[in-house]
Amino acid sequence: MPDRYEPSQFESKWQERWKQADLFATREEPGRPKFYGMDFFPYPSGAGLSVGHCRNYVPTDVLCRMKFMQGYNVLHPMGFDSFGLPAENEAIKNKTHPAPMIERYAANYRRQMELVGISYDWSRSFSSADPDYYKWTQWIFEVLHERGLAYRKQAAVNWDPVDKTVLADEEIIGGRAERSGALVEKKWIPQWYFKITEYAQQLIDDLDTLDWPEGIKAQQRNWIGKSEGVQFRLDVAGTGDSDGKFDLDNHNTPAKKLSFEVFTTRIDTLFGVAFCVLAPEHALVEDLIKIVPAENQADVREYQEAAKRLSDTDRTATNREKTGVFTGAYAINPGNGQKVPIWLADYVLATYGTGAIMAVPAHDERDYEFALKFGIPVIPVIAPAEGKIPEGCYAAKDGVMVNSGEYTGLSVAEGQFALARWMEGLGIGKAITQYKLRDWLTSRQRYWGCPIPVIHSADGDEQLVPVQDLPVLLPDVDSYEPSGDGSSPLAHIPEFVNVTDRDGKLGRRETDTMSGFACSSWYFLRFCDPHNPKEAWNLDRANYWMPVDCYVGGAEHAVMHLLYARFWTKVLNDAGLIQVREPFARLQNQGQVLAYTPYRQPRDGETLGVGEDGILVSFAEADAMKARGEGNQLFYKWVRMSKSKGNVVTPDEAKATFGADALRMYLLFVAPFSADVQWSNEGMMGMTRFLSKVFKLATDLKPFWAADWREHIPFEAMDPLGKEARRLTHFTIKTSTADIDSFGFNTYVSGLMKYVNGISDVLAKADPSNRAHALALSEALETLPLLLSPGAPHSADEIWEGILQKPGFVFRQDWPTHEEALAAADVVTVAVQVNGKLRDTLEFPAGTSNEELEAGALASAKVQTHLEGKSIRKVIVIPNKLVNLVAS
RNA sequence: GCCGGGGUGGCGGAAUGGUAGACGCGGUGGUCUCAAACACCAUUGGGGUCAAACCCGUGCGGGUUCGAGUCCCGCCCCCGGCACCA
């Protein structure tokens, strides 16, 4: 038995034995509490895992391993998110079919996960592209459809010209496709949507019940974008009954009568309306154009054309100067009957609210900017509670209404309430709630996804494929490249498209597939009952395991996967198919692993891209440059590991060079869980050193080993050294347990380091013939592999069997519990301060009375010198900690 | 601009309002070695001193408190997200 950490001697051996023993099989024993710990469903890429992925999986593994040892039934599954664009694009690039490719990649992921000793129950694994799985994805689609939550409509959608498919709003960043980076275009085609907007309010409300990072919750709230205000009607002057009164019974009769709705959160500023703005695409424009002077007509048409030509990115670019055109028409402000000009401007979005606004330049920055540019008067109607009306734009919400007729003098809140009531009474407006959230666009015109189980009948109605006919299998074809014309490649496969509908007539199969996010919106339910051929899940089993107690993955899915999965869970709950309303009780986001990556200054003739400050070079090239004496052109940056940057460290390499346990412990130790990690070979060396110390300590403790220590230790008197050993053991049990539960993995590892250092110090002073020492150190020797095992499971088993010669696996042992009285020290170091400044530290027996602490503090010579010439005004004593003498 | 999270030695980072810098990396000195690597021991916030005493120190400026990295007020900077959402 070596007294060093030699991973090549035992890590693979233990992995093999764990597999043979089926050690990580999910246990569902009655009488135990359950714990469901899960990592984000990965898409298996050909690049394989990097140590960055391990940063996700290892901490979850540590938590799940501890929970199992604590007696929980633990569900710790892993599967593969195989459908979707990334897989299909990679297959096209490799000129292969995605199905076998993805299977190969998933097998490699599994191999690598086993390489670092993650305790997944592989018998529960599946891929979202398995027909046994996507059959039920289709079934859930039908549940949604039957509840009116899946629908098809013609719409202008985000078209990615590179990936040749539509994208959801969430997949677009700054006008570009998140994945391909292409500028997104608008395309007008029928699309499938899930009606997530129906759940907007619940999705906001239930965030309060979740133990999630604040940032993620805030992002979801922001994305859903709730705002409360008033929607009301404005009539167009000179049309219909425009004498200032509103003929509610009659508003449809004069064909010419025109009006439009606006939404505002600041109805209190109604008397400050200086103009109205319609989005260039607003439907009313077609009517307005018929009643305005010819020159205005030309301006309007020209502006509409210009707006159409602008890409969304250009249109929404920040700091862009306002543009707009006067339509020639006027609206009547219902508050004061005044005529205000109607403008067209692209700063008003057609897709939010009603696509039209009342503009109040005195109290809205955008309107103010617009008014300044076009010389429109600014009418202040809100003033500070005290002081005079400010110049320019004053958007405060805590002011008082002025110049507002009978409402003058009311506070903003009072005015909002009163005006909303008034409008409701008149029937021209009402208080409503608006959300930025739009329905989830789920159809993709691509091959590699879950087919939508719908048949378009000859009569043109939509029929769901009967459940007994599911799954609608994805046809196995050679050519599946996107068609590029906006139709799915499946549309060009007659055997797939042509079907008999419910009435026996020739129907047409839906050829769009579902976004990959549909597949990952329910997989956590399938893990509860992964191979059920009759149901998506057995209700009892799903209710037993759900919700996921701890869900771990990257923060990049804040508003996509995590929002969609919450939505589906709520729908399934409403349908009586699952008991929970939220899928993930607790969420944790891990930081990324960064590599120190070489860049060089650009050479003559080379230019840098936007936002770049150097040119990436390979490590080999960097070495060559240094050898040529060009090292001064090099600089290094901490950047995320990625294949394209050539800076990836794989778990395979890390295990071969340093060992799996060293890798695991390093990833846990080097930074707080949610912070980014800087990869360092020196740090890995340090961890190897630590693990060697553990083996050395265990070996050196062996001569003290009394196998029956547990029977004797409570009754034996301990000397101070023995007590110190026991204190270290029990204190470390306490902190390790709390640290793992709270995701404090870095302090869990540092706690083990302190423990090893502390026990080593005790050991150096210990006497092998002293019974008390032997018992206390036996306790330490046996506790060490237990506490170590979540972080370094291979080493723990090696010590357990090799040094303690105990049978079985550490994983199957009980997690130790601490005794509070033993975890506390007998002798405490008390800080003595004079006027809050540290002047001495003194040792006292724990529990020394305040009076004695004060007396001891006063007796200190160091303290005396600082008290000279002063008299004590007050004494503060914190038992076992501190004495502060306040003197002057 | 708005929202969220941060700012502590040369570096990663510890610190229920109570001894700031635990633990580790790196550095320095030493042991081992023909030598190096590894390993081990000692030391390591800055100033000051032979050594101590002592002084200064958690982004900046105030405040509360016997006592502030921690709480309050006002700023600055960094990271992430959203962004003409009326």
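Chain naming here is simple, since letters A, B, ... match the order of the sequence lines and numbering starts at 1 in each.
Between A:W212 atom CH2 and B:C3 atom P the separation is 22 Å, expressed in whole Å. Separating the NZ atom of A:K881 from the C1' atom of B:G67 is a distance of 14 Å, rounded to the nearest angstrom. The CG-P distance, from A:L587 to B:G5, rounds to 15 Å in whole Å. Rounding to whole angstrom units, CG of residue A:D840 and C1' of B:A53 are separated by 13 Å. The interatomic distance linking A:Y352 (OH) with B:C82 (P) rounds to 18 Å, in whole Å. A:L842 has its CG atom 20 Å from the P atom of B:G18, to the nearest Å. Straight-line distance from the CG atom of A:N746 to the C1' atom of B:G12: 10 Å, rounded to whole Å. Protein atom CD of A:E868 is 17 Å distant from nucleotide atom P of B:A53, rounded to whole Å.
Taking atom C1' in both B:C25 and B:G13, the straight-line distance is 11 Å, to the nearest Å. Distance check on atom P: B:G4 versus B:C55 gives 41 Å, rounded to whole Å. Spacing of C1' atoms, B:C23 relative to B:A14, comes out at 7 Å, to the nearest Å. Using atom C1' as the reference point in both B:G6 and B:U70, the two lie 15 Å apart (nearest Å). To the nearest whole angstrom, the two P atoms, one in B:U65 and one in B:C84, are 47 Å apart. Nucleotides B:C50 and B:A42 are separated by 27 Å at their P atoms, to the nearest Å. Going from the C1' atom of B:G10 to that of B:C60 covers 23 Å, rounded to whole Å. Taking atom P in both B:G81 and B:U16, the straight-line distance is 30 Å, to the nearest Å.
A salt bridge links A:R221 to A:D208: at least one charged side-chain nitrogen sits closer than 4.0 Å to a carboxylate oxygen. A:K696 has a carboxylate O that lies under 4.0 Å from a charged side-chain N of A:D700, or vice versa, which qualifies the two as a salt bridge.
Under the Watson-Crick or G-U wobble criterion, with both distances below 3.5 Å, B:C82 is paired with B:G1. The partner of B:G17 is absent, by the rule that a Watson-Crick or G-U pair needs both atom distances under 3.5 Å. Base-pair partner of B:C40: B:G30 (Watson-Crick or G-U wobble, both distances under 3.5 Å). Summarising the base pairing, B:G24 is matched to B:C11 through a Watson-Crick or G-U wobble pair whose two defining distances lie under 3.5 Å. Using N1 to N3 plus N6-O4 or O6-N4 for Watson-Crick, or N1-O2 and O6-N3 for G-U wobble, each under 3.5 Å, B:G67 pairs with nothing.
Comparing B:C84, B:G18, B:A86 by their nearest atom to the side chain of A:Q833 picks out B:G18. Taking the side chain of A:M685 as heavy atoms from C-beta on, and the options B:C23, B:A83, B:C38, the nearest nucleotide is B:C38. Side-chain proximity of A:D346 to B:G18, B:C84, B:U19: nearest is B:C84. In the set B:U19, B:G18, B:G24, the nucleotide with an atom closest to the side chain of A:N757 is B:G24. Side-chain proximity of A:R689 to the nucleotides B:C25, B:C23, B:C54 is greatest for B:C25. Distance from the side chain of A:K874 is smallest to B:C66 among B:C66, B:C54, B:C84. Comparing B:C55, B:G4, B:C84 against the side chain of A:R839 picks out B:C55 as the nearest. Proximity note for A:V348 (side chain, C-beta onward) versus B:A86, B:G5, B:A83: the nearest is B:A86. You'll find that the side chain of A:H866 is closest to B:C54, out of B:A15, B:C40, B:C54. Picking from B:U19, B:G24, B:G13 the nucleotide with the shortest atom distance to the side chain of A:K693 gives B:G24.
With hydrogens and angles left out, the side-chain atoms of A:Q434 and A:S227 include no donor and acceptor closer than 3.5 Å. Side-chain polar atoms of A:Y748 and A:T732 form no donor-acceptor pair below 3.5 angstrom. Under the 3.5 Å distance criterion, with hydrogens and angles disregarded, no donor-acceptor pair is assigned to the side chains of A:K430 and A:Q231.
A sub-4.0 Å separation between OP1 or OP2 of B:A86 and a side-chain N or O of A:S227 is present. Here A:K837 does not reach the OP1 or OP2 of B:G18: none of its side-chain N or O atoms lies under 4.0 Å away.
Using a 4.0 Å heavy-atom cutoff across all strands shown, A:N222 reaches sugar-phosphate atoms only and no base atom. Across all strands shown, A:T841 has heavy atoms under 4.0 Å from base atoms, whether or not it also approaches the sugar-phosphate. A:T829 comes within 4.0 angstrom of a nucleotide base, judged by non-hydrogen atoms across all strands. Residue contacts for A:G686: at a heavy-atom cut-off of 4.0 Å it reaches the sugar-phosphate backbone alone, with no base atom in range.
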Trace of the ring-ring contact (aromatic ring centres under 6.0 Å, His included) decision for A:Y368 with A:F370: CA-CA 5 Å; A:Y368 182 70; A:F370 192 85; over 10 Å; no

Candidate pair A:Y666 and A:W679, rule ring-ring contact (aromatic ring centres under 6.0 Å, His included), full reasoning: CA-CA 9 Å; A:Y666 176 73; A:W679 180 260; 5.5 Å; yes

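Taking the centre and axis of the six-membered ring of A:Y347, the NZ or CZ atom of A:K322 falls inside the cone set by 45° and 6.0 Å.
Comparing A:T354 and A:G683 by the nucleotide of RNA chain B that holds the closest heavy atom to each, the one mapping nearer the 5' end is A:G683. Projected onto RNA chain B by closest heavy-atom contact, A:A218 and A:D739 fall at different nucleotides, the more 5' of which corresponds to A:A218.
Non-hydrogen atoms lying under 4.0 Å from RNA chain B are contributed by A:F669, A:V670, A:P672, all within residues 666-675 of chain A.
Between A:H818 and A:F731, the gap from one ring centroid to the other reaches at least 6.0 Å.
Each of A:H363, A:Q416, A:K397 was evaluated against A:D268; a single residue qualifies, A:Q416, per the side-chain hydrogen bond (donor to acceptor under 3.5 Å, both in side chains) test.
Partners of A:T729 according to the side-chain hydrogen bond (donor to acceptor under 3.5 Å, both in side chains) rule, which considers only residues two or more places apart in sequence or in another chain, are A:Y755.
With a glycosidic angle no more than 90° from 0, B:G9 adopts the syn conformation.
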